[in-house]
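All heavy atoms count here, side chains included; hydrogens, waters and symmetry mates do not.
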Protein chains: 2
Amino acid sequence: MQEEGLILRKEVAKLAGVSEATVSRVMNGARPVREATRRKVLEAAERLGYVPSALAQQFARKRSGNIGVIVPYVPKVRLFSTYYFSEILSGIGEAAQQRGYDMLLMFRSPYEARDYERLYRTRKVDACVMLGSQDTPGELEALARLAEADHPFVLVNQRFDGAPFGTVEADHEQGGYEATRHLLGRGCRRIALLNGPLVYSNSADRLTGYRRALAEAGLPADPGLCYAGNYSRTSGAAAAPALAEAIAQGRVDGVFAANDRMAIGLLQGLRERGLLPGADVALIGYDDSEAARLTEPQLSSVAVPFHALGVRAAQRLLGRTADGSPADDASPVLVEKLPVQLVARASSLTYTPSV
Amino acid sequence: MQEEGLILRKEVAKLAGVSEATVSRVMNGARPVREATRRKVLEAAERLGYVPSALAQQFARKRSGNIGVIVPYVPKVRLFSTYYFSEILSGIGEAAQQRGYDMLLMFRSPYEARDYERLYRTRKVDACVMLGSQDTPGELEALARLAEADHPFVLVNQRFDGAPFGTVEADHEQGGYEATRHLLGRGCRRIALLNGPLVYSNSADRLTGYRRALAEAGLPADPGLCYAGNYSRTSGAAAAPALAEAIAQGRVDGVFAANDRMAIGLLQGLRERGLLPGADVALIGYDDSEAARLTEPQLSSVAVPFHALGVRAAQRLLGRTADGSPADDASPVLVEKLPVQLVARASSLTYTPSV
DNA sequence: TGCGAAAATGAACGCGTGTACATCATGGGA
DNA sequence: TCCCATGATGTACACGCGTTCATTTTCGCA
């Protein structure tokens with residue numbers, strides 16, 4: 001029983017016997033409208049199958065109703081296809097949908113200049129969530145320009161110390177601290193750190209937590225125990241030869257890998273060399289991705305509330321939902337930290353130091 | 001050196017000493033514009049930092065420039081966070097970006113009615129890619145209505161036989177066939193199928209391929225060898241008790257799981273019962289996700305070109321890029337099938353039948 | 001040099017909505 | 001009963017662009 005073509009506000013107004021302005025008020029729930037009129041209009045709209053043009057609404061309101069999500073993208077290595085981003089995206093989408101916003105997904109090419117500002121000036125997005133941002137001079141400048149132009153955005157899991165950018169992150173220093181404490185608790189005394197690039201603040205945070213735990217335990221922070229990866233499984237495997245030797249020689253008895261992918265790469269590399277995490281060394285990863293449950297032995301890890309990070313990021317940008325408490329959406333702390341949780345599994349639990 | 005506020009076309013026109021229409025033509029690359037004029041306008045636009053309002057453009061053109069991507073979403077089980085969807089999304093995003101389109105990501109709640117049509121009528125999207133669609137009466141009807149209203153969409157990895165919907169899928173029948181053939185080639189004669197729900201056409205396709213391979217080998221298709229899962233790891237683990245018994249009793253010597261997650265769940269469940277795929281039974285999964293390389297033994301699988309599926313889906317909706325061959329974007333076959341590829345690993349390769 | 005056709009440009013308008021302002025109806029208090 | 005405040009509705013216009021059509025300019029050719 002649908003009419004052909006597009007139904008305009010004008011036709012609804014005619015059928016309902018009111019003016020277009022009244023139709024507009026009813027559709028938007030604007031204040032002064034008599035209940036009887038309201039019903040008349042709604043019925044007419046229903047009968048005709050009228051749906052306001054989102055395009056015209058956006059134009060008139062000067063708001064797109066879109067929240068942009070910037071995702072890092074490297075053509076060959078599809079970084080995007082990771083647990084990490086998927087979970088955050090779900091969270092953002094959930095929060096955005098509740099507020100009537102749509103999610104515009106955009107890939108950030110590392111090659112071309114990042115013209116974030118253009119997104120706002122063309123009005124394609126009203127606000128942005130930045131994922132996988134790196135602490136580089138170029139990025140800092142681009143973000144500073146955004147902030148200066150008063151374009152709302154929030155960084156997830158990336159902090160720019162000294163720059164007043166809104167951030168929602170997990171408490172990665174605490175995560176690094178607890179992971180290291182856990183290994184210490186298992187009896188480890190020579191704990192290696194397989195970290196990611198320090199352009200990510202979360203890498204630096206984990207390092208800080210790691211050092212703090214060692215210091216508290218009265219252990220030296222040997223720079224020789226820090227290995228550099230890039231968060232890929234391959235880079236974890238690449239660290240295996242050196243670490244295998246260190247373990248065999250008793251120079252390392254525990255390893256904290258800064259994410260699960262590297263931990264798993266390392267696990268596989270060690271096994272190829274006859275060393276089994278959980279027996280010959282204690283190993284703990286980070287992120288508590290699905291993969292942590294797939295390995296043999298299962299991988300200890302630090303759970304990061306990715307979904308919640310996405311929800312919070314969107315909430316901060318869009319304000320809380322109508323029925324939510326309106327308390328802290330104004331301007332909470334600039335940098336918000338969500339707690340992480342250690343998840344102990346066999347890769348560290350079954351290890352007992354030889355000494 | 002940026003101007004304050006928004007710069008309008010009018011100001012560019014004034015600075016360049018031309019009319020607004022000419023500015024519009026230059027910005028859109030419309031045909032009759034003298035080169036000198038063109039440069040003048042571009043220079044003026046550059047100086048003022050003029051950027052056309054995407055909102056106004058969309059409104060005037062009656063096109064949003066957005067390609068919608070419908071993703072299934074179940075609040076608790078975040079189906080979305082899988083290799084599968086991430087890869088396809090990357091592909092769609094890549095193709096869309098090349099054509100100047102943006103990606104609008106939308107979650108389909110299984111609870112609320114699927115009002116796809118509204119997306120088009122509000123002009124939020126110009127076209128849609130449907131992921132994880134199910135062959136149910138409600139879905140069929142919703143899609144039929146879209147097709148009737150001439151709203152462009154493409155299904156990925158889901159075919160509605162008998163309905164004239166555009167589809168881009170992998171050749172899952174061939175995949176099921178080759179997976180089964182591979183197990184046969186390893187000497188298996190009693191091959192079980194751990195399949196997913198048949199509301200997904202790809203489940204049905206794999207079943208067909210499985211049966212064809214068995215028939216070609218002169219083996220009966222024993223319905224008792226078909227186990228029902230739901231593509232989750234849990235459901236794979238749930239099949240472990242029954243399959244372990246069947247394997248122990250010699251009633252099963254090979255298992256084809258319809259995706260990697262179930263295969264891995266099964267692998268873990270079997271190991272808990274003292275049975276090791278690769279030694280006591282041959283196992284092959286499907287999708288060739290990253291996880292297939294994480295297990296011990298590593299999991300044989302069938303690689304699906306998820307990224308390419310996404311690219312093709314977007315290409316069919318948006319037409320080929322300017323420099324691409326314009327041949328087949330008009331109306332290729334309605335259902336397009338991309339080839340899959342078998343990837344043999346230890347879970348099937350190291351198995352040798354006892355008899 | 002002149003002329004006509006084609007190319008280049010300008011003027012004007014429509015797109016469908018939100019909204020400020022004007023107008024009208026309603027109702028309570030004197 | 002009258003008046004005014006208030007609530008309800010209608011009128012008119014702006015939003016910034018694309019685009020049609022009229023107008024002007026350019027240029028090839030006689």
Side-chain angles (χ1 to χ4, degrees), chain A residues 3 5-45 48-66 100 118-124 126, chain B residues 3 5-42 44-45 48-66 100 118-126:
Chain A
E3 282 298 317
L6 267 296
I7 289 82
L8 275 60
R9 188 177 64 175
K10 176 170 29 174
E11 313 177 35
V12 177
K14 184 158 56 175
L15 179 58
V18 299
S19 74
E20 290 192 53
T22 299
V23 177
S24 178
R25 278 188 273 261
V26 170
M27 300 306 289
N28 294 323
R31 265 282 292 123
V33 169
R34 197 184 314 181
E35 182 56 26
T37 314
R38 173 188 186 71
R39 271 203 299 272
K40 256 194 317 186
V41 170
L42 286 179
E43 189 189 351
L48 294 175
Y50 169 69
V51 177
S53 159
L55 260 43
Q57 289 182 316
Q58 291 167 7
F59 176 54
R61 292 175 179 147
K62 300 188 200 314
R63 290 193 304 106
S64 68
N66 292 333
R118 191 181 184 85
L119 291 178
Y120 294 87
R121 305 192 57 186
T122 62
R123 307 261 187 204
K124 277 194 173 175
D126 300 331
Chain B
E3 281 299 317
L6 267 294
I7 288 82
L8 275 59
R9 188 177 63 176
K10 174 170 33 174
E11 312 177 35
V12 177
K14 184 159 55 176
L15 178 58
V18 298
S19 73
E20 289 191 55
T22 299
V23 177
S24 177
R25 278 188 272 260
V26 170
M27 300 307 289
N28 294 323
R31 263 284 290 123
V33 170
R34 198 183 314 181
E35 183 55 27
T37 313
R38 172 188 188 70
R39 271 202 299 270
K40 255 193 317 186
V41 170
L42 286 179
L48 294 176
Y50 169 70
V51 177
S53 158
L55 260 41
Q57 288 183 316
Q58 292 168 6
F59 177 55
R61 291 176 180 146
K62 301 188 201 312
R63 291 192 304 106
S64 68
N66 292 333
R118 190 182 185 85
L119 291 178
Y120 295 87
R121 305 193 57 187
T122 61
R123 307 263 187 202
K124 279 193 172 175
V125 303
D126 300 331

In this structure, how many angstroms lie between the [atom2] atom of [N] and the [atom1] atom of [X], rounded?
| X | N | atom1 | atom2 | value |
| --- | --- | --- | --- | --- |
| B:Q58 | C:dG16 | CD | P | 15 Å |
| A:I7 | C:dT17 | CD1 | C1' | 16 Å |
| B:K10 | C:dA11 | NZ | C1' | 15 Å |
| B:K62 | C:dT17 | NZ | P | 10 Å |
| B:E20 | C:dG14 | CD | P | 16 Å |
| A:R9 | C:dT17 | CZ | C1' | 5 Å |
| A:N28 | C:dG16 | CG | C1' | 12 Å |

* Where do B:N28 and B:R61 come nearest, in terms of heavy atoms and distance? ->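 The pair with the smallest heavy-atom distance is OD1-NH2, 3.1 Å.
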
* Which atoms form the tightest heavy-atom contact between B:L119 and B:T122, and what is the distance? -> O-OG1, 3.2 Å

* Examine C:dG18: is either OP1 or OP2 under 4.0 Å from a nitrogen or oxygen in the side chain of A:S24? Give yes or no. => yes

* Asked: Is A:Y50 near enough to C:dG16 that one of its side-chain N or O atoms lies under 4.0 angstrom from OP1 or OP2?
  -> no

* Please identify each residue that fulfils salt bridge (charged side-chain N to carboxylate O under 4.0 Å, His left out) with B:R39, with sequence neighbours left out. => B:E35

* Among C:dT17, C:dA8, C:dG10, which is the nearest nucleotide to the side chain of B:T37? -> C:dA8

* Quick one: which of C:dT17, C:dA11, C:dG18 gets closest to the side chain of B:A21? ->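 For B:A21, the side-chain atoms sit closest to C:dA11.
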
Name the atoms and distances for all side-chain donor-acceptor pairs under 3.5 Å in residues 51-59 of chain A, with sequence neighbours left out.
| from | atom 1 | to | atom 2 | distance (Å) |
| --- | --- | --- | --- | --- |
| A:S53 | OG | A:L55 | N | 3.2 |
| A:S53 | OG | A:A56 | N | 3.1 |
| A:Q58 | NE2 | A:S64 | O | 3.1 |

* Find out whether B:L6 and A:R123 are in side-chain contact, i.e. whether some heavy atom of one side chain is under 4.5 Å from a heavy atom of the other. => yes

* Report the residue (B:R61 or A:V33) whose heavy-atom-nearest nucleotide on DNA chain D is the more 5′ of the two. =>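 Checking each residue's closest nucleotide, the 5'-ward one belongs to A:V33.
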
Could you run down the sub-3.5 Å N/O contacts of the protein with nucleotides 23-28 of chain C?
none

* Asked: Checking only heavy atoms, does the side chain of B:R25 share a donor-acceptor pair with the base of C:dG10 at less than 3.5 Å?
  -> yes

* **Nucleotide range of DNA chain D lying under 4.0 Å from chain A heavy atoms** => D:dA8 to D:dG16

* With sequence neighbours excluded, residues passing ring-ring contact (aromatic ring centres under 6.0 Å, His included) with A:Y120 -> A:H151

Donor-acceptor pairs are to be reported for all side-chain atoms of residues 10-27 of chain A against protein atoms at under 3.5 Å, with residues two or more places apart or in another chain.
| from | atom 1 | to | atom 2 | distance (Å) |
| --- | --- | --- | --- | --- |
| A:E11 | OE2 | A:L8 | N | 3.3 |
| A:S19 | OG | A:A21 | N | 3.4 |
| A:S19 | OG | A:T22 | N | 3.4 |
| A:S19 | OG | A:T22 | OG1 | 3.4 |
| A:E20 | OE1 | A:R9 | NE | 2.9 |
| A:E20 | OE1 | A:R9 | NH2 | 3.0 |

